[in-house]
Amino acid sequence: MGDDGLRQATDLMRDRGVDARAIGAFTRFYGLLEAEATGYIHEDSIEPLGQVRSLAELEVDEVELPEALARSAVLKLNGGLGTSMGISGPKTALPVRDGLTFLDIIARQVLALRERYDVELPVVFMDSFRTQAETLEMLAAYPGLDVDGLPLSFLQSAEPKLRADDLTPVSWPDDPELEWCPPGHGDVYIALQSSGLLDTLRDRGVRYLFLSNGDNLGATFDPRIPAWMARDGIPYVAEVCERTRNDRKGGHLARRRSDGRLVLRDSAQVAPGEEEYFQDNERHEFFHVNNLWVDLDVLADQLAQRAGVLELPIIVNRKTVDPTRKDSTPVIQIESSMGTAVEVFEGSQALFVPRDRFRPVKTTNELLLVRSDLYELDGDSQVVSLIDHEEPYVDLSGEFRFVQDFDARFPHGVPSIREAHSLSVDGDVTFGRDVVCVGDVTVHADSPRTIADGTRLEGDA
């Protein structure tokens, strides 16, 4: 542990060609890790967010919208693999609705916006070394998507996974690429600068960048937000939604008591014993959607003042070197979250947005929701809700965790849940065609079980 582990790690990063600024950020985090920094944000150091501005209340003149679009770009985080759902490639390559993948839907949403407003709205994908090739291959189906002079994809940094016992770079000869990981999406700010994309965008007159997760189908570009930012001189906007039962583990914004600044607290930053406060939907009533809007001029100035490193809070992610094998070497991945930059920008704002701007797929529970009859895709490939009440709570047991197993148990599509309040499935259950769930539904099976075609499920079934 100590200097030797850091030296080994940074030597590997230099040999791989990692940018010096990314190495600097890693070095800072390594020091925090050695000092046993946890990244915890204690409940007594923050207070609830309080009232926030609502997107519905933004008063923006229609003539401001095309100008805002002309000075904006879209960035999708696309570095993640779907390993937690049993997917080996980019998570965004997963078919999620009407046979379309996340990438298909994102591309169609951007092209529809361009046509509606007759503007050149650039879109770029921040990929990891594991996702870029397949992403570009799939996006080739949309030849008009790229913009002359701009890359469709740029790479985020890479860093060694560290052995949990001595903080030296892990060795895994079975698959050496598993010795490396992306450093979390907080790396986006360094990657924008080191790739040259930050300067390229600014040289083209782009000032406002919309950043969001590639697996959030609700994260569409809304020109009212950059128009508001331009008019009121706002450098950074973080979208928040009202928390529901499905969001108790989602990160939330709060105000730091010491200086009044907005801060983001993710689940990994919750101190042991304080989970009840974090999950209290009445105390922390808004959750962080991870849809961000950044003034690139202010970002460039902040990076210049800080030698290219924003000094974001550390996130210590403990895993095994092979995430599919729990018996493989325990490792630490040093990460940061792009949303924690909210505390860096003076004058950052939270913006309350409707639920339709948050349609993520992190688990097969959410995959069931997005594929269900609760939603449809409109002509602009926007995910439109067909209900006027809160979406049902879904809880599927481990038999449904991986997409391959999920699809095998819903061979004819997921059941109708438009009339359901909740759906819990525990056990090896296969659903027939045209199954309908009503109210609170619990399905249990001690042995393999099949729900017959056309079954109406209510209560304990």
Side-chain angles (χ1 to χ4, degrees), residues 64-79 90 92 101-128 131-156 185 187-230 234-237 239 290-300 303 338 341 357 380-382:
E64 297 177 79
L65 301 184
E67 182 179 348
L69 273 160
R71 302 184 66 195
S72 300
V74 174
L75 190 158
K76 292 291 182 177
L77 302 178
N78 194 53
T92 49
T101 67
F102 290 101
L103 291 172
D104 289 320
I105 295 171
I106 291 167
R108 295 176 184 210
Q109 289 174 344
V110 170
L111 292 172
L113 265 170
R114 291 178 184 173
E115 182 176 357
R116 186 194 313 168
Y117 288 99
D118 192 25
V119 295
E120 183 182 75
L121 177 67
V123 60
V124 292
F125 293 80
M126 186 176 79
D127 283 297
S128 68
T131 64
Q132 189 176 54
E134 188 172 344
T135 293
L136 289 175
E137 182 180 348
M138 295 186 68
L139 291 176
Y142 301 91
L145 190 63
D146 59 332
V147 172
D148 287 343
L150 285 174
L152 196 52
S153 168
F154 69 105
L155 280 175
Q156 66 182 121
H185 47 63
D187 176 63
V188 65
Y189 305 109
I190 291 175
L192 276 169
Q193 186 179 43
S194 62
S195 67
L197 186 56
L198 178 59
D199 288 339
T200 301
L201 288 169
R202 295 177 68 215
D203 289 344
R204 294 176 67 96
V206 173
R207 182 159 183 181
Y208 301 102
L209 187 64
F210 174 46
L211 303 90
S212 61
N213 293 334
D215 63 4
N216 178 8
L217 294 177
T220 58
F221 189 93
D222 190 321
R224 290 177 293 175
I225 300 175
W228 169 52
M229 294 173 70
I234 299 167
Y236 182 105
V237 173
E239 297 185 26
N290 218 36
N291 297 346
L292 311 178
W293 302 77
V294 179
D295 182 327
L296 293 183
D297 288 353
V298 179
L299 173 61
L303 287 169
M338 72 175 184
R357 293 190 60 76
D380 292 337
S381 294
Q382 306 256 12

Determine whether Leu111 and Leu113 make a side-chain contact, defined as any pair of heavy atoms from C-beta on separated by less than 4.5 Å. no

Could you pull out every donor-acceptor pair under 3.5 Å between side chains of residues 136-147 and any protein atom, sequence neighbours left out?
from   : atom 1 : to     : atom 2 : distance (Å)
Tyr142 : OH     : Asp104 : OD1    : 2.9
Tyr142 : OH     : Arg108 : NE     : 3.1

Ring pair (Phe, Tyr, Trp, His ring centres under 6.0 Å) partners for Phe102, two or more places apart: none

Donor-acceptor contact present, side-chain Tyr208 to main-chain Leu296, <3.5 Å: no

What pairs with Asp215 under salt bridge (Lys or Arg N to Asp or Glu O under 4.0 Å), at least two apart in sequence or on another chain? Lys91, Lys362

Are any of the side-chain heavy atoms of Leu303 and Leu198 separated by less than 4.5 Å? yes

What residues, two or more places apart in sequence or in another chain, satisfy side chain to side chain donor-acceptor pair (under 3.5 Å) together with Glu67? none

Residues two or more places apart in sequence or in another chain: which of them pass side-chain contact (heavy atoms from CB on, under 4.5 Å) with Ala219? Lys76, Phe210, Ser212, Asn216, Asn291

Looking at residues at least two apart in the chain, or sitting in another chain, which of them share a side chain to side chain donor-acceptor pair (under 3.5 Å) with Asp199? none

Between Trp228 and Glu64, is any side-chain donor less than 3.5 angstrom from a side-chain acceptor? no

Residue set satisfying side chain to side chain donor-acceptor pair (under 3.5 Å) with Gln109, at least two apart, ordered chain then number -> none

Qualifying residues under side-chain contact (heavy atoms from CB on, under 4.5 Å), relative to Arg207, sequence neighbours excluded: Arg71, Asp295, Asp297

Contacts of type side chain to side chain donor-acceptor pair (under 3.5 Å), residue Arg114, not counting sequence neighbours: none

Please tell me whether Ser153 and Gln132 have a donor and an acceptor in their side chains that are separated by less than 3.5 angstrom. yes

Quick one: salt bridge (Lys or Arg N to Asp or Glu O under 4.0 Å) partners of Glu120, sequence neighbours excluded? Arg204

Nearest 0.5 Å please: distance from the CG atom of Asn78 over to the OG1 atom of Thr131. 5.0 Å

